[in-house]
Amino acid sequence: MELSAPALRRNMIRVRELVGSDVGILPVVKADGYGLGVAEVVAALEPCEPWGYAIETVAEGRRLRSLGVRRPALILAPVPPGEVEAAVAAELRLAISSIEALERVNEAAAALAREAIIHVEIDTGIGRAGFDWRQVGHWGPEVDRLTNGRVRWEGVYSHFFSASDVESNAMDIQGDRFKEALRGLSGQRDGRWIEHICNSPGLLRRPDLGLGLVRPGIFIYGGRTWPGLPEPEPVVRVRARVVLVREVPDGTTLGYGATYRARGKERWATLGIGYGDGIPRALGNGGAALVQGRRVPIIGRISMGVTVVDITELPESSVKSGDEVTIVGEDGSEHISLEEVARISGSISHEVLTRLSPRLPRVWL
Ligand SMILES: *Cc1c(COP(=O)(O)O)cnc(C)c1O
C-alpha cells in the first residue's frame, strides 16, 4: 500500500477552499484513518489546523491522545455504558442520542470531578442514532437541564443517509428537518452551539449547509463520491509482485472450485496478494489488475495469499517474477479506482479501504 501524505493534505486544503475559512473542519479518522493508519493521517493533516478529529470509539479517542493530539476529539456514535467514564477521563467529546446516555455522562463528570463536553445528535432520517427531529419539544428541555452543571453542550449535529445519491432529494429534506429541529431548540442556550451535518458528499453538494463544522471522510482519503462532483486526488495505491509466471495448456483449471479453465494455451501470472491482504474475494473472475500499463483480468477465485491474472495478451516473456502489478491506482495511462473495485465487489470505497489488512505494508510517500 503506497500512501501519499501530500495528496491527503491537498484534499484537505480542497475542502477548506470549498467551505470557506469560517467553517471548522472535523476530519473523520475512524477505523484507523479509514485503514490508512491514523498516526500518519493525523501527522499529514495537522499543518492544516483542523478544528478537531472525529472517531467512533473510546479506544480510537485514546489512541489520538496517546499520539499527543490535544485537539477536540468527537466520538460520532453512542458509547457503551461501561466506557463513558473512560471517554470523559480522556477528554473525548461524546455524541448524545438519549437522555439516559446524558445522565451517565453527568455521573461520570461528577465521579471524575471534571467537565464533560457533548454534541447532541439529531436523527433526521438515518435511524441508527440521534434524538428524533420531530420531538425536540420533549427532549430539548431535558438536555438543557442536564447540561447546566459539569456537562457542556457544545454542538448539535445530524447525518445524511443518501448524500452520495445525486438523484435523491433526501439530503435537502434532511437539511430542512435539521433546521426545523434547530429552530425548535433555539429557546435553549440562545442557540450558542456548533452545528454540523455535512459528510464528504454533503459538503460537495451543499457547501451552504456547512454551518459551523464539516465532517469529511472519504474525500480526503481520495475516494470519489459521484461523477460530476469535485474529485479528490488519489491517496492510496495497492500493488503486488508477480511471484510466478506459467504457461498452461488448454483446459488447465485454476483456483478453489476450479471456476476458471484455460481456453487454449494461456500464460498466467501468480501475484503475491489475496483476500488475506484485504483484496475483495469478489474480484475473482471479474476484477482486473494493471501489468505494464495494461489491464489484465483476474481469473479464478482469489485465495488468501495469491491471485492469478491472465497475461496471455502481453508480449511473451515480458512479465517476470518480481515485477510490480497494480491492484488499485494508476500505471501508465490506465487506472483502477477505489470505486471500480467497490462496484465490482458490491461495496463502497469506504469498505474497500478499511478492509485492507495489516499484512499489507503501509509505505508513506
Ligand atoms: C463516517 C462519517 C462521516 C464521514 O463520511 P464520508 O462519507 O466518509 O465523508 C461523517 N459523519 C458521520 C456521522 C460519520 O459516521
Side-chain angles (χ1 to χ4, degrees), residues 8-30 34 45 48-54 56 72 74 76-77 95 97 119-134 136 154-186 191-233 235 337-339 342 348-350:
L8 188 78
R9 195 151 46 235
R10 282 193 291 270
N11 290 336
M12 176 79 168
I13 292 168
R14 192 75 207 285
V15 170
R16 166 60 67 216
E17 288 164 2
L18 285 162
V19 300
S21 54
D22 295 338
V23 176
I25 304 178
L26 180 62
V28 182
V29 299
K30 60 192 176 191
Y34 283 43
L45 296 179
C48 303
E49 308 217 337
W51 180 85
Y53 295 97
E56 276 180 328
L74 172 61
L76 289 173
S97 293
H119 286 222
V120 166
E121 177 170 357
I122 301 182
D123 176 13
T124 55
I126 197 157
R128 65 185 188 185
F131 288 99
D132 193 313
W133 65 279
R134 291 159 296 204
V136 179
E154 181 183 58
V156 183
Y157 78 99
S158 190
H159 191 45
F160 293 127
F161 60 81
S162 275
S164 58
D165 180 359
V166 285
E167 327 263 81
S168 151
N169 66 345
M171 200 164 122
D172 299 325
I173 293 172
Q174 284 188 272
D176 291 345
R177 290 175 178 174
F178 186 51
K179 286 185 172 163
E180 189 182 322
L182 291 173
R183 275 194 299 276
L185 281 178
S186 59
R192 279 188 294 106
W193 42 62
I194 306 171
E195 297 159 4
H196 47 111
I197 191 167
C198 286
N199 55 359
S200 302
L203 72 91
L204 297 175
R205 288 176 63 192
R206 290 285 307 270
D208 61 299
L209 278 179
L211 309 166
L213 285 175
V214 290
R215 308 187 303 263
I218 196 66
F219 184 89
I220 56 175
Y221 303 106
R224 283 182 227 153
T225 51
W226 197 267
L229 291 179
E231 284 186 12
E233 249 183 78
V235 173
S337 65
L338 285 172
E339 294 67 39
I348 54 174
S349 48
H350 306 61

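Computed from a predicted model, the values in this text were never measured in an experiment. Side-chain atoms are counted along with the backbone in the values below, which use heavy atoms only and exclude waters and symmetry mates.
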Classify the ring geometry of Y221 against Y34: parallel below 30°, tilted from 30° to 60°, perpendicular beyond 60°. parallel

Point-to-point distance, once rounded to the nearest 0.5 Å, from [atom1] of [X] to [atom2] of [Y]:
| X | Y | atom1 | atom2 | answer |
| --- | --- | --- | --- | --- |
| Q174 | R206 | CD | CZ | 11.5 Å |
| L209 | D176 | CG | CG | 8.5 Å |
| F131 | E121 | CZ | CD | 10.0 Å |
| L338 | R224 | CG | CZ | 8.5 Å |
| I220 | R9 | CD1 | CZ | 12.0 Å |
| S168 | F160 | OG | CZ | 10.5 Å |

Taking [Y]'s backbone N and O only, do any of them form a donor-acceptor pair with [X]'s side chain (distance below 3.5 Å, no angle check)?
| X | Y | result |
| --- | --- | --- |
| N11 | R14 | no |
| S200 | G217 | yes |
| R134 | R177 | no |

Return the minimal non-hydrogen interatomic distance between [X] and [Y], and the atom names on each side.
| X | Y | result |
| --- | --- | --- |
| R215 | S158 | NH2-O, 2.8 Å |
| S97 | A129 | OG-CB, 3.6 Å |
| G222 | P232 | C-CG, 3.6 Å |
| I122 | F178 | CD1-CE1, 4.2 Å |
| G202 | A163 | N-CB, 3.9 Å |
| L26 | A54 | CD1-N, 3.7 Å |

So, applying side-chain contact (heavy atoms from CB on, under 4.5 Å) with W51, which one of V23, V214, I194, I25 is it? I194

I'd like to know whether CD of E233 has more than 12 heavy-atom contacts from other residues, nucleotides or ligands below 6.0 angstrom. yes

Heavy-atom count check: over 12 atoms from other residues, nucleotides or ligands less than 6.0 Å from D208 CG? yes

Do [X] and [Y] have side chains that get closer than 4.5 Å, going by heavy atoms?
| X | Y | value |
| --- | --- | --- |
| R16 | C48 | no |
| L185 | E195 | no |
| Y53 | L45 | yes |

